Structure formats: structure tokens, C-alpha cells
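Here the structure is laid out as C-alpha cells; the discussion comes afterwards.
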Amino acid sequence: MAKGVEKRKRGPERYRWRSQAAGLLLLNPFFGYFISRTPYEGPLKGICAPGLNCYACPFTAFACPVGGLQYGFALLRDRAAETILKGFGVILYVGAFLSFVGTLVGRLPCGWICPFGLFQELVHRVPLRKRGFPRRVASLRYPILLGLVLLLPLLTGASWFSRLCPAGFLEGALPLKAIPPASPLPKAGGLLWFKAVLFGALIVWSALVYRPFCRAVCPLGTIWGEFHRVSLFRLDAKLALCSSCGKCSGSCPVDLELPEELSSPRCIRCLRCVGSCPHGVISAGFRWGSREKVTEKGV
Ligand code: SF4
Ligand code: SF4
Ligand code: SF4
């Protein structure tokens, strides 16, 4: 069986598609755009979405946390004290949102809510021979976060990640081209074509590899993944029951070595491993106590 294309879902993962579909609709409920041809600009637009959901999407009611972070850093380049203060405010607000979600559930929104994660999973269903994902490629996500989301916006005053973001192309540029808004948009020029090429490349990559953008690029997943060692929602293993059969590792769509890497920042919290273990070794849930107590042998 190709990695990432499971035939039968067991355990909590059975409910994941429904949750992802609900996430897509809840984050993008503004179907009034079809009639008004004016994107939603109400008060909800100031609230961060729990997933990579483009602010420019005409159907969305929420803000993208990655877009917000870049915006905050870009404002710091201004000379006016008021704008700089606003920039710090935005960074604090988005930082608090990211820390809150990360401390509570880590990357759970990646597996269960994010529309762009769902999109990559759907593309991965294309029946092509699947390829492996070199682990070292996953390290790219750190320089991308530091360079495109934090440093370049700070140095140039522009949102560089958003300028190249394939989620922005899918959720913002494409629908706005297909159903143009009442007030014409500024000309995007050559950058739109470059974005289209990146998006096309991602489609091919996603057809061959499970969620490559989530694993090698996405700043949001990168930030939330760093909370896995402290988040209240955890994956744990009762190692005394483990027969080392390898079924959990075989089921993991992002190729983690399980049960050892349950707290890895690369885990997208799909919870597939929970249902894959024939002995019920792996469990998921909110826990307050120390991790070692649950995972140590004999418990
Ligand atoms: S890592 Fe993937 S699923 Fe998670 S926020 Fe980014 S695009 Fe969405
Ligand atoms: S360890 Fe793998 S299978 Fe388990 S929740 Fe994480 S990504 Fe999914
Ligand atoms: S599937 Fe269960 S028993 Fe098999 S190696 Fe994984 S944790 Fe151990």
C-alpha cells in the first residue's frame, strides 16, 4: 500500500474527513460573495483562523495567522511611532494566538481543520506511484519561517511568504480571477505567474508525496510543531504492551519512527497511529501529568 493512501480507517481517524470538511466550511462561510461580489470585511476578519486559510479568499471570514505575523513585522519598518506600535500589537496578538493553540493542542488543527492540508490530501489521492520524502528536506521549513515570515518583512516592509504562498494562489488569486470582485483589483503582474508555477509544482509534488507543503514549508505547522513537547493534547504510548510489530510506523503518513517519535514536531496529529496499533499501545488525549509516567515500561 502506498504511504498516505490508507484503505480502511480505524480509531479516531475515521472522523477526520468530516472534521476537515467542517473546518473548510466554517472558515469560509461567506457565500454571499457570489451575489455581492465584495469580500467579507466584518469584525471576524480580525480573528486568526486555526489553519492556513488565505485572508484574500473572498469566502473567508477570518485572518491567516501567517499573513498576520508578516504584516506585524512589516509594520516595524515604518518610521511613524504609531505604526510601529501597531506592528508590535499585531505580533503580540498573533503570537498569543499561536502560543495558545500550540500549548493546547499542538498541530491538531493541521490534521483535523486546515483547508490547505485537506487540499494536499485530496491531490495525493491521484493514482500515481508514491515517492518517499527525504528527511533533510523537512529542515527547509525553519529558514522559510525565519527568512520569509520574519526577517524579510522586517527588512523590506513586504509580506514575502504571502507573495509566494500556494495557499494564497488557490484560495485567493484563483477564485478572485474566476469570479472577479465588484471593485477591480490592482494588476498582479509577473508575480502571479511565478506563483502559478510554484502552485503547479506543489500539485505534482503533492500527488507523489503526502502533504509536502506541510512537511517542508508551512510556517504555521512549524510553529505549532515546536509545542508538541509541552502541549496538553498528547500522544502517549504504554510501552510495556508494545510487541514492536511496526504497524504504527507503517501507518504514519509522515514516516515517523513510532512509538518513539510521538512528540516529534513533524507529527501532523492525524491520529492514524492510534487506531493502527493492535494492542492499544498508543493513545491520544488531554493530559496534565508528566509524559514519562505514561510512557515508561511497565505502566
Ligand atoms: S502545516 Fe499544513 S495543515 Fe498545518 S497549517 Fe500548514 S498547510 Fe495547514
Ligand atoms: S505520529 Fe504519524 S500517524 Fe500518529 S498522529 Fe502523528 S502523523 Fe499521524
Ligand atoms: S503498532 Fe503497537 S505494538 Fe506494534 S510497534 Fe506500534 S506501538 Fe508497538
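Order of appearance sets the numbers: ligands from 1, and atoms from 1 within every ligand. Here the structure is a predicted model, which means the values were calculated and not measured.
For a distance bound of 2.8 Å, the N, O or S atoms of Cys242 include one lying that close to atom 8 (Fe) of ligand 3.
With a 4.0 Å heavy-atom cut-off, ligand 2 is reached by the side chain of Leu258 but not by its N, CA, C or O. Under 4.0 Å from ligand 3, the heavy atoms of Ser244 that appear belong solely to its backbone.
Nearest protein heavy-atom neighbour of atom 6 (Fe) of ligand 2: Cys267 SG, 2.3 Å. What sits closest to atom 3 (S) of ligand 1 on the protein, heavy atoms only, is Arg211 NH1, 3.2 Å. Looking only at heavy atoms of the protein, atom 5 (S) of ligand 2 is closest to Leu271 N, 3.1 Å. Given atom 2 (Fe) of ligand 2, the protein heavy atom at minimum distance is Cys252 SG, 2.4 Å.
Proximity to Leu256 (heavy-atom distance under 4.0 Å) selects the following atoms of ligand 2: 1 (S). The Leu235 neighbourhood of ligand 2 comprises atoms 5 (S), with distances under 4.0 Å to a heavy atom of that residue.
Between Glu261 and Arg135 there is a salt bridge, with a side-chain nitrogen of the basic residue lying less than 4.0 Å from a carboxylate oxygen of the acidic one.
Within the 4.0 Å heavy-atom shell around ligand 2 one finds Pro253.
Between the side chains of Glu171 and Thr60, no donor N or O sits under 3.5 Å from an acceptor N or O.
Listed by chain and residue number, the protein N/O/S atoms under 2.8 Å of atom 4 (Fe) of ligand 1 are Cys110 SG, with waters left out.
The residue from Ala284, Cys277, Cys273 that puts a heavy atom closest to atom 4 (Fe) of ligand 2 is Cys273.
Under the 30°/60° scheme for interplanar angles, the aromatic rings of Phe161 and Phe213 are found to be tilted.
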